[in-house]
Amino acid sequence: MSQPVDSAVSAVRTYVEQHRATFLDDLAEWLRIPSVSARPDHAADVRRSADWLAAALTATGFPTTEIWTTPGAPAVYAEWPSPDPGAPTVLVYGHHDVQPAAREDGWHSEPFEPVVRDNRMYARGAADDKGQVFFHTLGVRAHLATTGRTAPAVHLKLLIEGEEESGSPHFRDLVERHADRLAADVVIVSDTGMWSEDTPTVCTGMRGLAECEIRLHGPDQDIHSGSFGGAVPNPATAVARLVAALHDEHARVAIPGFYDDVVELTDRERELFAELPFDEREWLRAASSHATGGEAGYSTLERVWARPTAEVNGIGGGYQGPGSKTIIPSSAMVKLSFRLVAGQDPGRIEKAVRDWVAGQIPDGIRCEIAFSPATRPCLTPLDHPALESVARAMGRAFGTPVRFTREGGSGPAADLQDVLGAPVLFLGISVPSDGWHAPDEKVELDLLLKGAEASAHLWNDLAEHWRHVP
């Protein structure tokens with residue numbers, strides 16, 4: 001029989017507090033490993049980080065821990081079956097590689113020598129993402145200790161990749177190769193954050209991403225604008241017209257069919273977004289910008305979380321040096337990115353973009369379009385039982401009902417949803433001030449322990465409320 005809510009919460013909190021010092025010492029040891037995946041000279045450190053984590057998961061109690069190699073950096077896989085065959089299967093995703101960091105970048109302490117100041121741990125990876133991966137080890141221990149179990153209430157799996165900070169170039173292939181081992185009813189991503197320390201939130205979705213580079217070619221070489229200008233097409237002018245035609249007067253993407261499959265925000269979702277304590281002036285300061293703008297009819301949060309976009313990331317062509325050079329350039333280019341939302345298929349968007357561009361290019365201009373590998377969007381409905389479990393677990397840890405957000409960016413977690421066919425949910429405790437990728441990255445220690453508490457509560461909640469998985 002499960003404990004009453006108040007005693008279960010108290011028991012988990014007591015366990016977490018009693019093991020706080022050891023947990024933080026172990027985390028600090030892991031953070032000392034400079035697992036910078038973007039730098040080849042740290043390849044051995046990334047491998048050492050994977051080995052360290054595999055050993056730590058074995059010590060936690062996982063009966064299966066493995067290092068999965070890729071053409072790049074290794075990932076760590078762990079599995080701990082539940083004795084209940086009807087329990088749901090949960091896959092936790094995170095990453096053990098980190099961004100480059102050096103004292104001369106502006107750190108007040110050595111980035112790979114963790115320091116605790118004002119109840120915060122400063123180190124590269126403290127929040128992104130080693131701290132948020134590691135709280136699951138304390139969470140599962142608390143879960144077992146406070147329930148008397150010898151194995152989790154769910155079939156628990158972990159996949160901790162080693163190349164997220166390098167763009168996850170081998171991640172999808174890794175997931176596809178091990179799809180049978182990774183099969184799950186739900187994916188929990190612990191590489192995310194909350195709105196603020198005072199406003200715990202659960203993310204319900206992440207936008208996808210499609211990127212392309214368009215190159216336009218006119219004359220076979222730069223030619224004199226006096227001798228030929230006005231009589232041959234100019235590729236730089238064609239690029240400028242292409243960019244000008246990308247949006248209509250309401251800042252909507254003007255590519256035919258772009259919005260055909262978009263899953264629109266529900267009234268309830270818009271209400272929940274509006275309840276968040278959003279300060280637009282503060283947001284603009286963080287954006288280093290002076291005014292908001294975007295698709296008409298939507299708030300700022302709705303635009304960055306739940307609406308698709310088309311952005312010009314770079315544009316160029318012709319002479320760029322000092323003074324003048326009166327030419328018609330032989331070529332010009334533009335780089336575009338499209339953030340996609342639930343319902344949109346990257347393949348269909350690519351076709352729509354190619355068709356639209358073809359219709360914009362004048363005779364005499366040759367066009368080349370190259371798309372990068374795309375990332376699919378992911379979204380979990382508010383009434384999904386697994387999402388409800390995450391919200392309850394977070395609420396018990398923080399002692400308050402949680403609110404809901406989405407992520408405006410994109411990430412490799414969508415590959416898990418795409419390949420495994422499982423909903424992706426987010427359980428993270430980082431806050432905006434943690435400074436991901438910046439000097440003096442840190443994690444709030446009280447929030448880190450709340451993450452462990454939420455993890456401990458989640459496995460029971462999923463097992464109790466989601467036993468009949470479709």
Side-chain angles (χ1 to χ4, degrees), residues 127-128 189 191-211 243-244 246-255 258-259 261-314 336-344 349 375-382 387 391 394 401-411 413-414 424-426 428-438:
D128 180 25
V189 174
D191 182 23
T192 186
M194 308 189 307
W195 182 265
S196 69
E197 294 179 52
D198 300 324
T199 307
T201 54
V202 173
C203 178
T204 64
M206 180 179 286
R207 292 194 293 189
L209 177 64
E211 300 173 274
V243 169
L246 188 57
H247 297 87
D248 67 15
E249 67 273 20
H250 303 295
R252 284 176 59 87
V253 180
I255 298 171
F258 186 78
Y259 294 94
D261 302 315
V262 168
V263 175
E264 299 289 343
L265 278 164
T266 66
D267 290 342
R268 179 56 179 153
E269 286 173 316
R270 300 189 81 167
E271 290 171 1
L272 290 171
F273 288 178
E275 290 175 1
L276 290 164
F278 178 63
D279 184 328
E280 193 164 87
R281 287 177 296 180
E282 183 62 32
W283 182 88
L284 280 170
R285 279 194 290 271
S288 300
S289 299
H290 307 287
T292 60
E295 186 181 0
Y298 295 92
S299 70
T300 298
L301 290 182
E302 291 168 355
R303 289 169 180 164
V304 297
W305 286 349
R307 298 302 296 168
T309 65
E311 294 293 347
V312 177
N313 306 129
L336 303 177
S337 64
F338 303 89
R339 296 288 176 171
L340 311 180
V341 299
Q344 290 183 298
I349 294 301
T375 299
R376 289 181 176 274
C378 57
L379 177 66
T380 302
L382 289 174
L387 178 60
M394 286 281 285
V402 302
R403 296 180 179 180
F404 296 93
T405 63
R406 294 194 196 178
E407 289 282 347
S410 308
V424 172
L425 306 175
F426 298 83
I429 50 74
S430 186
V431 290
S433 63
D434 283 345
W436 290 25
H437 299 195

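- Asp279 places a side-chain N or O within 3.5 Å of a backbone atom of Arg281 that can act as its donor or acceptor partner.
- Under the 3.5 Å distance criterion, the side-chain polar atoms of Ser430 are left unmatched by any main-chain donor or acceptor of Thr192.
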For residues 270-278, please give each side-chain donor-acceptor pair under 3.5 Å, one per line with the distance, not counting sequence neighbours.
from	atom 1	to	atom 2	distance (Å)
Arg270	NE	Glu302	OE1	3.4
Arg270	NE	Glu302	OE2	2.8
Arg270	NH2	Gly297	O	3.1
Arg270	NH2	Glu302	OE1	2.8
Glu271	OE1	Arg268	NH1	3.4

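- Heavy atoms only, all atoms of each residue included: Ala127 and Asp434 are closest at CB-OD2, 3.8 Å.
- In this structure, Ser410 contributes its side chain and Arg207 its backbone to a donor-acceptor pair below 3.5 Å.
- Side-chain N or O atoms of Tyr259 include one that pairs as donor or acceptor with a backbone N or O of Val253 at under 3.5 Å.
- In this structure a side-chain-to-backbone donor-acceptor pair under 3.5 Å is missing from Glu295 to Thr309.
- Salt bridge Arg285/Glu280: absent, no basic N to carboxylate O contact under 4.0 Å.
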| task | For Leu209 and Arg339, run side chain to side chain contact (heavy atoms under 4.5 Å, CB included): C-alpha distance rounded to whole Å, both residues' side-chain angles, the deciding distance at 0.1 Å, then the answer. | result | CA-CA 5 Å; Leu209 177 64; Arg339 296 288 176 171; 3.8 Å; yes
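- Using modelled atom types, no side-chain atom of Arg252 and backbone atom of Ala296 make a donor-acceptor pair closer than 3.5 Å.
- No side-chain donor-acceptor contact under 3.5 Å links His437 to the backbone of Asp128.
- With hydrogens and angles disregarded, a donor-acceptor distance shorter than 3.5 Å links the side chain of Thr204 to the backbone of Thr405.
- The side chain to side chain donor-acceptor pair (under 3.5 Å) search around Trp195 returns none, not counting sequence neighbours.
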